[in-house]
Amino acid sequence: MKSLEIYMLILNLAVGQPLSHFMGPAQPPPESLVFKRSGDQDLKLHIFRPPGVPAGERRPALVFIHGGAWRAGGADVFFPHAAYFASRGLVGISIDYRLLLAAPDGVTMADCLMDCKSAIRHIRAHAADLGVDPQRIGVMGDSAGGHLAAALGTVPGFDDPADDPAVSAIPNSMTLCNPIVDLTAAPWLNYIIRGRALDRKPAPADLVPSAEQVDLGRRLSPIYQIKGGQPPALLMHGLKDGVVTPEQAKRFAADYQKAGNHCELVLLPEASHAFIITGYRASEADVVAAMRRVDEFLGSLGWLKGPSTLTVSEPPAWLPRKP
């Protein structure tokens with residue numbers, strides 16, 4: 001290690017980096033590049049680059065996929081995370097994807113996955129320009145974004161015909177936060193049915209899937225697409241999650257390990273849904289603890305050096321919302 005790198009590591013360990021440093025208007029905006037155009041919508045990579053990287057050097061990338069029931073949310077929810085991991089030496093990239101529409105002819109969950117595959121292919125194909133090591137591209141997602149991240153590593157097909165199939169869309173690691181991995185039962189099958197199934201108070205008849213929809217739900221479910229040779233995974237789930245049952249995580253981890261894949265299952269006793277998201281339900285201390293756990297996982301892969309530098313802000317950057 002060069003003397004300057006050693007000095008910066010010692011400095012970071014001594015001072016730490018509070019999470020508030022990576023939040024709000026003080027944080028420089030990311031570089032945004034269009035990776036795909038769908039209709040009149042530009043889908044972008046929002047890129048946070050690590051500082052001081054020598055020209056031509058390629059770093060691992062961590063690609064963030066936001067949640068929001070495939071229908072809402074935006075890439076900016078993961079900007080603090082991408083900025084932090086860029087400060088640690090990775091290329092942090094938060095991505096756009098089309099959002100699901102209830103209309104029968106609107107965007108589907110398959111389209112969401114297709115866009116995420118396009119993003120990974122674009123990053124890998126343009127790795128030299130982005131300063132990315134094409135063999136060390138990880139994904140990290142929360143909730144519906146966790147589903148999409150897990151599907152990238154497990155679910156075949158659902159490729160954009162305009163993409164180059166010779167470029168792999170499979171990530172080299174997966175970090176899954178309270179992911180939905182089984183879409184074959186309510187309420188998740190409703191997002192396959194769409195239409196009136198997504199109304200606030202659907203009629204019972206609106207919730208009856210066709211055989212084709214049940215099959216599609218199974219083909220889009222990571223838990224039914226597990227086989228050997230899939231990427232190493234960190235799976236974190238809160239035991240107080242009332243949105244996505246922790247049993248999904250337990251089943252996925254057991255089946256993934258049984259297939260011979262590496263999966264670290266971390267069950268958080270006091271955490272509820274979306275525990276990784278800043279300014280939301282979890283306290284800042286809980287978010288920092290989860291992010292430091294991701295840091296450890298990436299370090300175990302050899303993608304990061306040294307311990308996490310992330311600390312809780314003083315005063316806290318936000319107070320958790322009351323239940």
Within a strict 4.5 Å, meaning less than it, do heavy atoms of the Phe85 and Val294 side chains meet? yes
Heavy-atom side-chain proximity of Met109 to Met114 below 4.5 angstrom: no
Using 0.5 Å steps for rounding, measure from the CZ atom of Phe297 to the OG1 atom of Thr175. 5.0 Å
Do the side chains of Leu239 and Leu176 join up, straight or via other hydrophobic residues, at under 4.5 Å, putting them in one cluster? yes
Side-chain donor-acceptor contact under 3.5 Å, Arg98 with Ser38: yes
Step-by-step side chain to side chain contact (heavy atoms under 4.5 Å, CB included) determination, Phe64 to Asp142: CA-CA 9 Å; Phe64 296 88; Asp142 161 76; over 6 Å; no
Using the salt bridge (charged side-chain N to carboxylate O under 4.0 Å, His left out) criterion, which residues pair with Lys240? Sequence neighbours excluded. Glu270
Shared hydrophobic cluster, Tyr256 / Leu234 (ILVMFWY, side-chain heavy atoms < 4.5 Å): no
Are the side chain of Arg71 and the backbone of Ala102 linked by a donor-acceptor contact shorter than 3.5 Å? no
Please determine which of Asp159, Asp164, Asp160 meets the salt bridge (Lys or Arg N to Asp or Glu O under 4.0 Å) test together with Arg121. Asp159
With no hydrogens and no angle check, is any side-chain donor or acceptor of Arg194 less than 3.5 Å from a backbone partner on Leu101? yes
Phe48-Met23 co-clustered via ILVMFWY side chain contacts under 4.5 Å: no
So, does Ser168 use its side chain to make a donor-acceptor pair with the main chain of Ile170 at under 3.5 Å? yes
What's the spacing between Leu216 CG and Leu183 CG if we round to 0.5 Å? 8.5 Å
In the structure I gave you, are the side-chain heavy atoms of Ser143 and His273 within less than 4.5 Å of one another anywhere? yes
Do we see a donor-acceptor contact under 3.5 Å between the side chains of Asn190 and Arg196? no
Could you pull out the closest heavy-atom pair between Cys112 and Tyr97, with the gap in Å? CB-CD1, 3.9 Å
For Ala197 versus Asp206, what's the shortest heavy-atom pair and its separation? CB-O, 3.5 Å
Measure centre to centre between the rings of Phe78 and His81, then say whether the value is under 6.0 Å. yes
Under 3.5 Å, is there a donor-acceptor pair between the side chain of Thr245 and the main chain of Gln248? no
Transitively linked via ILVMFWY side-chain contacts under 4.5 Å: Val155 with Leu100? yes
Would you call Arg59 and Asp133 a salt bridge, taking side-chain N to carboxylate O under 4.0 Å as the test? no
Check whether any side-chain N or O of Arg136 sits under 3.5 Å from a backbone N or O of Ala61 as a donor-acceptor pair, and report yes or no. no
Is the shortest heavy-atom distance from the side chain of Leu33 to the side chain of Leu130 under 4.5 Å? yes
Are the side chains of Thr184 and Tyr224 in touch, meaning some heavy atoms are under 4.5 Å apart? yes
Those residues at least two apart in sequence (or on a different chain) that pass salt bridge (charged side-chain N to carboxylate O under 4.0 Å, His left out) with Lys44 are none
Just by distance, do the side chain of Asn261 and the backbone of Gly229 share a donor-acceptor pair under 3.5 Å? yes
Can you list every pair that meets ring pair (Phe, Tyr, Trp, His ring centres under 6.0 Å) and has a residue in residues 105-126, with sequence neighbours left out? His122-His126
Quick check on the hydrophobic clustering: are Tyr191 and Leu189 connected, directly or via other members, by side-chain heavy-atom contacts under 4.5 Å? yes
Please report the C-alpha distance between Leu235 and Glu264 in whole Å, then the side-chain angles of each, then the deciding distance to 0.1 Å, and finally whether the side chain to side chain contact (heavy atoms under 4.5 Å, CB included) criterion is met. CA-CA 6 Å; Leu235 200 170; Glu264 299 179 23; over 6 Å; no
Could you please spell out the steps behind the salt bridge (Lys or Arg N to Asp or Glu O under 4.0 Å) verdict for Lys117 and Asp163? CA-CA 9 Å; Lys117 291 197 173 194; Asp163 288 353; over 6 Å; no
Pairing of Lys36 and Asp115 as salt bridge, 4.0 angstrom limit: yes
Taking Val244's backbone N and O only, do any of them form a donor-acceptor pair with Trp188's side chain (distance below 3.5 Å, no angle check)? no
For Asn178 and His237, indicate whether the former's side chain and the latter's backbone hold a donor-acceptor pair under 3.5 Å. no
What's the spacing between Leu220 CG and Thr108 OG1 if we round to 0.5 Å? 8.0 Å
OG-CD distance between Ser87 and Gln17, expressed to the nearest 0.5 angstrom: 4.0 Å
One pair to check against side chain to side chain contact (heavy atoms under 4.5 Å, CB included): Met291 and Ile276. What are the steps and the verdict? CA-CA 7 Å; Met291 289 176 66; Ile276 197 72; 3.9 Å; yes
Pro179 to Met236 - nearest heavy-atom pair and separation: CD-O, 4.3 Å
Donor-acceptor pair between Ser272 and Asp241 side chains, under 3.5 angstrom: no
Tell me whether the count of non-hydrogen atoms from other residues, nucleotides or ligands lying under 6.0 Å of NZ in Lys250 goes above 12. yes
Minimal non-hydrogen separation, Ile180 against Ala144, with atom names: CD1-N, 3.8 Å
Is there a side-chain contact between Met140 and Ile65 in this structure, where contact means two heavy atoms from C-beta onward sitting under 4.5 Å apart? no
Taking every non-hydrogen atom, the tightest pair across Pro171 and Arg124: CA-NH2, 4.5 Å
I'd like to know if the side chain of Gln230 and the backbone of Lys227 have a donor-acceptor N/O pair within less than 3.5 Å. yes
All pairs passing ring pair (Phe, Tyr, Trp, His ring centres under 6.0 Å) where residues 137-186 contributes a residue, at least two apart: Trp70-His147
Chi angles and distances behind the side chain to side chain contact (heavy atoms under 4.5 Å, CB included) call for Leu90, Leu304: CA-CA 8 Å; Leu90 304 185; Leu304 291 175; 3.6 Å; yes
Nearest heavy atoms of Cys116 and Ile95, plus distance in Å: SG-CD1, 4.0 Å
According to side chain to side chain donor-acceptor pair (under 3.5 Å), who are the partners of Asp255, at least two apart in sequence or on a separate chain? none
To the nearest 0.5 Å, how far apart are CD1 in Ile47 and OG in Ser94? 11.0 Å
Kindly indicate whether the side chain of Tyr84, heavy atoms from C-beta on, has any atom under 4.5 Å from the side chain of Thr309. yes
Please identify each residue that fulfils ring-ring contact (aromatic ring centres under 6.0 Å, His included) with His46, with sequence neighbours left out. Phe79
Less than 4.5 Å apart, side chain to side chain, heavy atoms only: is that true for Tyr280 and Val77? no
Does atom CG of Leu113 have more than 12 heavy-atom neighbours from other groups under 6.0 Å away? yes
Could you state the interatomic distance from CD1 (Ile123) to CD1 (Ile93), rounded to the nearest 0.5 Å? 4.0 Å
Taking atom types as modelled and ignoring hydrogens, do the side chains of Glu284 and Ser313 form a donor-acceptor contact shorter than 3.5 angstrom? yes
